[in-house]
J.: 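Next up is a structure, given as C-alpha cells.
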Amino acid sequence: MFPEYDIIVVGAGHAGCEAAAAAANMGSKVLLITMNMQTIAQMSCNPAMGGIAKGQIVREIDAMGGYSGIVTDASMIQFRMLNRSKGPAMWSPRAQSDRALFSSKWREMLENTPNVDFYQDMVHGLIVKDHRVCGVHTGLGHEIRSKAVVLTNGTFLNGIIHIGEKQLGGGRMAEKAATGITEQLVQLGFESNRLKTGTPPRIDGRSLDYSKMEEQKGDEEIIGFSFSDIKRIDPAQQRSCWITYTSSKVHEILKTGFEKSPMFQGRIQGTGPRYCPSIEDKINRFAERDRHQLFVEPEGFNTIEIYVNGFSSSLPENVQLQALRQVAGFENCKMFRPGYAIEYDYFPPTQLEFSLETKLLDNLFFAGQINGTTGYEEAACQGLMAGMNAHLKVAEKEPFILKRSEAYIGVLIDDLINKGTDEPYRMFTSRAEFRTLLRQDNADLRLTETSYKLGLASQHRMDKLTAKSQQIDQVKNMLENINVEPEDINPFLESVCSSPLVRRQKILQLLLRPGIGLIEMAKAVPSINDLLKNSDREVLEQIEIQVKYETYINKEKELVTKMDSLEDLIIPEKFNYEKLSSLSNEAKQKFIKIKPRTLGQASRISGVNPSDVQILMVYMGR
C-alpha cells in the first residue's frame, strides 16, 4: 500500500509541519502522519506567534526557508513589535493569529509542497534493525518503510488531561493520547520522564464588558515576520487585545479549589513551565501579590471565542468560573471550556546529537516538546533543523549545526544538548549571550545564504538577499561621503531636542546621536529624503543599526572568541554565590546545589543564562 519514503514525520504540529516542509523542499520524499488531518498546525494554546526571543526564532525560520513566518503573516489579526523603547537586540515581533486561518494556511502550504504525502493514523512503534530506524508501525496495522523518521509527538505521548479531580487520557482536549512509542524506546535504552503544561479557559466574548479593561491596539506599521513579499493585514483592520487584572477576591476563590487541585494534591508528577505557571501556582508562589495581569485575546476575525492569557488552570470548572466572574469585565462571563493541565512523556535531550538525531538509534530524530521544550516557536525551529538534518543524513551529507553565535536556534539546541532540561524549556533573550549579533532584523543576512547552499532557501530568497545586501552597501557608502548643511538639518535636530550643528557634518555621524533615526531624518529633511526615497525601509533600518551599534557589535564578536576559553577557568570549591547580587535567583540555586568546577560546566547547567556566566567571569577576572 505504501512506497518506501525517504523520511516519515510523525505528528503534524508546528515541529512536524516544519520538518516535513524542510525535508521535502530539499528533495526528500516525505510522509507526514497525523492522528487527525483536521488539526494540522493546531494552535493548542495561545493563538499567537513570536514575542520576546520567540519572534527572533520565527524570523530565523523564515530566513532559512521555513513556513512559520509566511503563515503567521497571512493569518495575523494584530501585530506588535515589542521592546521598541530598548535597543534593537531586544526588539521582538509578535502577532496575534486567527486560530482557524493559521491552521488552514499551514495545510494549504503543505498540500502545495511537492514531495509531501499525508496519512491519518496513529504511530505506535518504530521498525528497528541493527540499531537503525527503518520505518514505523501504525495503529491500523500498516508497516511503512523509510530511511529516516522524525518524531514530533508534542504532548500526545501517554498524555493525561487534568481538570480538578478528573483525569482524561488525551494529548489535547477531545483528542486521544498516543501510546506505544515511549514503551518501545525505553526498552531500547532511552530515558523518559514526564512534564506538564496547561491552558486557560476559553470565554464567550459577547459576555465581557470591555469598558472595564485597558485596550491594547496593534502597531500602526506592520513589519511582520517573513522576509518575503507577503500580503499582510491593513493596520486599520487589526483586532484589539485587552488587559485586566485578578484581585484578592479572585485569589481567595481560587484557593477554595486547592484541595481538589491535581497539582497540589500530587496527582501531577510532571514539572510545569517555570516562566508560564498556572494561576493557582502564581498565587501560591507569589502570595505577596494582590493581583496578576491577564491578557484578553480574540481567537480570530470570525469568532467570539476569547483566550484568557495568564489564567492557565487545572482547578475544578466551577472554581475557575466563579473566580473569573470576580475579574473586572468578566462579571457575567460565559465559559466555552475550562482550562486544564496536561501531563506527557518527553525524552531528556542530552540523548541527542546536535543534529537532533538520537545517539542510540541511527536515522531517528526528535523535535519539539518530545525534547522538553514549550512553545510553538521552539518546536517549529527544532522541526526545521530535524527535517533538514534528516534529509542530509539520507543523502549521506554532513549535518547542519548552528552555533550559539549564529542564531537563537543554535542557542536553543546547544542548551538542550549540553544542559538538558528537567522543566519545559522556553527561549528568552537572556539565554543568548550574543544577542546583539542575533537580532530579528538581520536574520536573513545571517542565515539565508547558508540555507540556500544547503538547498532549502529558494533562488528567489537568495536573489532578494543579494539585492538587499548590495543596496545596504551602496546607500551606506553614499551616506559616508555626503555632508548635510546646518540650515537643512537644524530644524529637525531642534524638534528632537538635539544640539544644532554649527558646521556641515557627515550624515552617518549624525546617526551616532541618541534619538536620531535615519528614517525620521529623511522624512524631515528634503535633501536627505531625495537621496533615500528609493531605498527600502529594511535597508535604512539596517544601516542605522550597524552605525549606531558598531562598537557593541564588535565587542560581542570578541566575546565569541573569549567564551571558548571557559573550560580553563576554575571556580573555587567554596565560592560564595550569595554575594553576587546580579545573579538570577535560579542561577544561585543551581550553582549552590551543583557546585560547578569550571565556568564551562556552569554554562551548561539547566536554567543558567549566559548573562549569569558572564557575571561570574567578570567577578573572577577581578
J.: For the atom pair CG (Asp121) and OG1 (Thr34), what is the distance rounded to the nearest 0.5 Å?
T.: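 One gets 10.0 Å once the value is rounded to the nearest 0.5 Å.
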
J.: Between atom SG of Cys17 and atom CD1 of Ile40, what is the distance when rounded to the nearest 0.5 Å?
T.: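 Atom-to-atom, Cys17:SG and Ile40:CD1 are 6.0 Å apart.
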
J.: Can you name the nearest heavy-atom pair linking Phe311 to Pro201, along with the distance?
T.: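 Shortest heavy-atom contact: O-CD, 3.4 Å.
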
J.: Should the pair Arg239-Asp98 be classified as a salt bridge under the 4.0 Å nitrogen-to-oxygen rule?
T.: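 No, Arg239 and Asp98 are not salt-bridged.
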
J.: Where is the tightest heavy-atom contact between Ile7 and Ala23, given as atom of each residue plus distance?
T.: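 So the two residues come closest at CD1-CB, 3.6 Å.
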
J.: Would you sort out whether Glu406 and Arg446 count as a salt bridge (charged side-chain N to carboxylate O under 4.0 Å, His left out), showing the intermediate values?
T.: CA-CA 7 Å; Glu406 293 177 320; Arg446 290 186 277 119; over 6 Å; no

J.: Check whether the side chains of Arg172 and Ser44 place a donor and an acceptor atom closer than 3.5 Å, and report yes or no.
T.: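 The criterion, which ignores hydrogens and geometry beyond distance, is satisfied for Ser44 and Arg172.
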
J.: With salt bridge (charged side-chain N to carboxylate O under 4.0 Å, His left out) as the criterion, how do Arg206 and Asp204 come out once you've worked through the C-alpha distance, each side chain's angles and the decisive distance to 0.1 Å?
T.: CA-CA 5 Å; Arg206 298 170 301 182; Asp204 186 337; 2.9 Å; yes

J.: Quick one: do Arg94 and Glu297 make a salt bridge, cutoff under 4.0 Å?
T.: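 Answer for the salt bridge query: yes.
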
J.: Taking atom CG of Asn302 as the centre, report whether more than 12 heavy atoms of other residues, nucleotides or ligands fall under 6.0 Å from it.
T.: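 No.
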
J.: Go through the steps for Asp422 and Thr271 under the test side-chain contact (heavy atoms from CB on, under 4.5 Å), then give the verdict.
T.: CA-CA 7 Å; Asp422 55 7; Thr271 305; 5.7 Å; no

J.: Checking side-chain contact (heavy atoms from CB on, under 4.5 Å) for the pair Ile181/Val123: CA distance, chi angles, key distance, verdict?
T.: CA-CA 8 Å; Ile181 292 177; Val123 171; 4.0 Å; yes

J.: Looking at Tyr344 versus Phe156, is the centre-to-centre ring distance below 6.0 Å?
T.: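 Ring centroids of Tyr344 and Phe156 are no less than 6.0 Å from each other.
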
J.: Please determine whether a side-chain nitrogen of the Lys or Arg among Glu357 and Lys393 lies less than 4.0 Å from a carboxylate oxygen of the Asp or Glu.
T.: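 Result for this pair is yes, salt bridge flagged.
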
J.: For side chain to side chain donor-acceptor pair (under 3.5 Å), just list the numbers for Ser314 and His162, CA-CA rounded to whole Å, side-chain angles, deciding distance to a tenth of an Å, and then say yes or no.
T.: CA-CA 6 Å; Ser314 59; His162 297 267; over 6 Å; no

J.: Is any NZ, NE, NH1 or NH2 atom of the basic residue among Glu423 and Arg274 found under 4.0 Å from an Asp or Glu carboxylate oxygen of the other?
T.: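 Salt bridge present between Glu423 and Arg274.
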
J.: What are the two closest heavy atoms between Ala457 and Ala63, and how far apart are they?
T.: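 In this case the closest contact between Ala457 and Ala63 is CB-O, 4.4 Å.
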
J.: Mind checking whether Val150 and Ile8 have side chains closer than 4.5 Å, heavy atoms only?
T.: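 No - every pair of side-chain heavy atoms lies 4.5 Å or more apart.
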
J.: Please determine whether a side-chain nitrogen of the Lys or Arg among Lys54 and Glu377 lies less than 4.0 Å from a carboxylate oxygen of the Asp or Glu.
T.: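 Yes, Lys54 and Glu377 are salt-bridged.
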
J.: Residues in ring-ring contact (aromatic ring centres under 6.0 Å, His included) with Tyr67, at least two apart?
T.: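 Once residues adjacent in sequence are excluded, the partners of Tyr67 under the ring-ring contact (aromatic ring centres under 6.0 Å, His included) criterion are Trp106.
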
J.: Evaluate the side-chain proximity of Leu294 to Asn309: yes if any heavy-atom separation is below 4.5 Å, no if none is.
T.: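 SC-SC contact between Asn309 and Leu294 ruled out.
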
J.: What do the steps show when you test Phe354 against Asp414 for side-chain contact (heavy atoms from CB on, under 4.5 Å), and what is the final call?
T.: CA-CA 7 Å; Phe354 282 97; Asp414 185 76; 3.5 Å; yes

J.: Side chains of Gln56 and Ser92 only: does a donor on one sit below 3.5 Å from an acceptor on the other?
T.: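 Yes, a side-chain donor-acceptor pair sits under 3.5 Å.
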
J.: Using the test side chain to side chain donor-acceptor pair (under 3.5 Å), find all partners of Glu317 that sit at least two apart in sequence or belong to another chain.
T.: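 With sequence neighbours excluded, Glu317 shows a side chain to side chain donor-acceptor pair (under 3.5 Å) to Lys166, given in chain and number order.
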
J.: Quick one: do the Glu343 and Asn158 side chains pair a donor with an acceptor below 3.5 Å?
T.: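 No, Asn158 and Glu343 have no side-chain donor paired with an acceptor closer than 3.5 Å.
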
J.: How about Glu398 and Phe400: do any of their side-chain heavy atoms sit closer than 4.5 Å?
T.: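 With C-beta onward as the side chain, the pair stays apart.
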
J.: Before giving the answer on side-chain contact (heavy atoms from CB on, under 4.5 Å), spell out for Ile222 and Met76 the whole-Å C-alpha distance, their side-chain angles and the decisive distance to 0.1 Å.
T.: CA-CA 10 Å; Ile222 296 179; Met76 68 173 63; 3.8 Å; yes

J.: Would Glu143 and Arg145 count as a salt bridge (charged side-chain N to carboxylate O under 4.0 Å, His left out) if you check the C-alpha gap in whole Å, the side-chain angles of each, and the deciding distance to 0.1 Å?
T.: CA-CA 7 Å; Glu143 193 175 88; Arg145 297 278 175 169; 3.2 Å; yes

J.: Is the number of heavy atoms from other residues, nucleotides or ligands within 6.0 Å of CD (Glu449) greater than 12?
T.: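 Count not over threshold, so no.
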
J.: What's the separation between atom CZ in Arg132 and atom CG in Asn363, rounded to the nearest 0.5 Å?
T.: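 Rounded to the nearest 0.5 Å, the CZ-CG separation comes out at 5.0 Å.
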
J.: With a 4.0 Å cut-off on N to O distance, would you call Glu299 and Arg202 a salt bridge?
T.: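 Yes, charged N to carboxylate O under 4.0 Å.
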
J.: With the side chain counted from C-beta on, respond yes when Phe428 and Arg426 share a heavy-atom pair under 4.5 Å apart, and no when they do not.
T.: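 Yes, their side chains come closer than 4.5 Å.
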
J.: Test your reading of the model: is there a side-chain donor-acceptor pair from Gln238 to the backbone of Phe79, 3.5 Å cut-off?
T.: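 Yes, the answer is positive, given that a donor and an acceptor are paired below the 3.5 Å cut-off.
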
J.: May I ask you to say whether Asp6 pairs ionically with Lys147, meaning some side-chain N is under 4.0 Å from a carboxylate O?
T.: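 Here Asp6 pairs with Lys147 in a salt bridge, since their nearest N and O are under 4.0 Å apart.
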
J.: Using every non-hydrogen atom in the two residues, find where Met335 and Ile203 come nearest and quote the distance to one decimal.
T.: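 That closest heavy-atom pairing would be CA-CD1, 4.0 Å.
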
J.: Which is it for Thr152 and Glu18 under the side chain to side chain donor-acceptor pair (under 3.5 Å) test, yes or no, and what are the steps along the way?
T.: CA-CA 10 Å; Thr152 68; Glu18 286 289 4; over 6 Å; no

J.: Is the count of non-hydrogen atoms from other residues, nucleotides or ligands lying under 6.0 Å from Lys176 atom NZ greater than 12?
T.: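 No, not enclosed.
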
J.: Could you check whether His14 and Phe102 have their ring centres less than 6.0 Å apart?
T.: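 Yes, the ring of Phe102 comes within the 6.0 Å limit of the ring of His14, centre to centre.
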
J.: Assess whether a salt bridge exists between Arg59 and Asp444, defined as any Lys/Arg side-chain N lying under 4.0 Å from an Asp/Glu carboxylate O.
T.: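 No, Arg59 and Asp444 are not salt-bridged.
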
J.: Do Arg232 and Ser226 have side chains that get closer than 4.5 Å, going by heavy atoms?
T.: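 The answer is yes, as the side chains (C-beta and beyond) meet within the 4.5 Å cut-off.
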
J.: Between the side chains of Gln459 and Asp463, is a donor N or O closer than 3.5 angstrom to an acceptor N or O?
T.: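 A donor-acceptor contact under 3.5 Å links the two side chains.
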
J.: May I ask you to test the Thr138-Met122 pair for a side-chain heavy-atom distance under 4.5 Å?
T.: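 No - every pair of side-chain heavy atoms lies 4.5 Å or more apart.
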
J.: Any idea which heavy atoms bring Ile342 and Gly171 closest together, and the distance?
T.: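 Closest heavy-atom pair between Ile342 and Gly171: CD1-O, 3.0 Å.
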
J.: Would you say that Ile417 contacts Thr350 through its side chain, given a criterion of any heavy-atom pair below 4.5 Å between the two side chains?
T.: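 With C-beta onward as the side chain, the pair stays apart.
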
J.: Could you tell me whether Lys334 atom NZ has more than 12 heavy atoms of other residues or ligands within 6.0 Å of it?
T.: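 No, the 6.0 Å shell around NZ holds no more than 12 heavy atoms from other groups.
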
J.: Are His142 and Phe2 near enough that their ring centres are under 6.0 Å apart?
T.: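 Aromatic pair counts; centres sit under 6.0 Å.
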
J.: List the steps, then state whether side chain to side chain donor-acceptor pair (under 3.5 Å) holds for Asp345 with Thr182.
T.: CA-CA 7 Å; Asp345 293 337; Thr182 297; 2.9 Å; yes

J.: So that I can tick it off, tell me whether Asp441 and Arg439 are bridged by a salt bridge, with the cut-off set at under 4.0 angstrom between side-chain N and carboxylate O.
T.: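 Here Arg439 pairs with Asp441 in a salt bridge, since their nearest N and O are under 4.0 Å apart.
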
J.: Any side-chain donor paired with an acceptor under 3.5 Å for Gln382 and Thr373?
T.: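 Side chains of Gln382 and Thr373: pair found under 3.5 Å.
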
J.: Tyr425 ring centre to Arg431 NZ or CZ under 6.0 Å, with the angle to the axis within 45°?
T.: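 Yes - Arg431 lies over the ring of Tyr425, closer than 6.0 Å to its centre and within 45° of its axis.
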
J.: Could you pull out the closest heavy-atom pair between Leu185 and Phe366, with the gap in Å?
T.: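 Here Leu185 and Phe366 meet closest at CD1-CZ, 3.8 Å.
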
J.: Please name the residue in the list Leu352, Thr421, Leu151 that meets the side chain to side chain contact (heavy atoms under 4.5 Å, CB included) test with Asn371.
T.: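 Going through Leu352, Thr421, Leu151 one by one, the side chain to side chain contact (heavy atoms under 4.5 Å, CB included) with Asn371 is satisfied by Leu352 alone.
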
J.: Compare all side-chain heavy atoms of Phe118 with those of Met37 and state whether any distance is below 4.5 angstrom.
T.: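 In short, these two side chains touch, coming nearer than 4.5 Å.
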
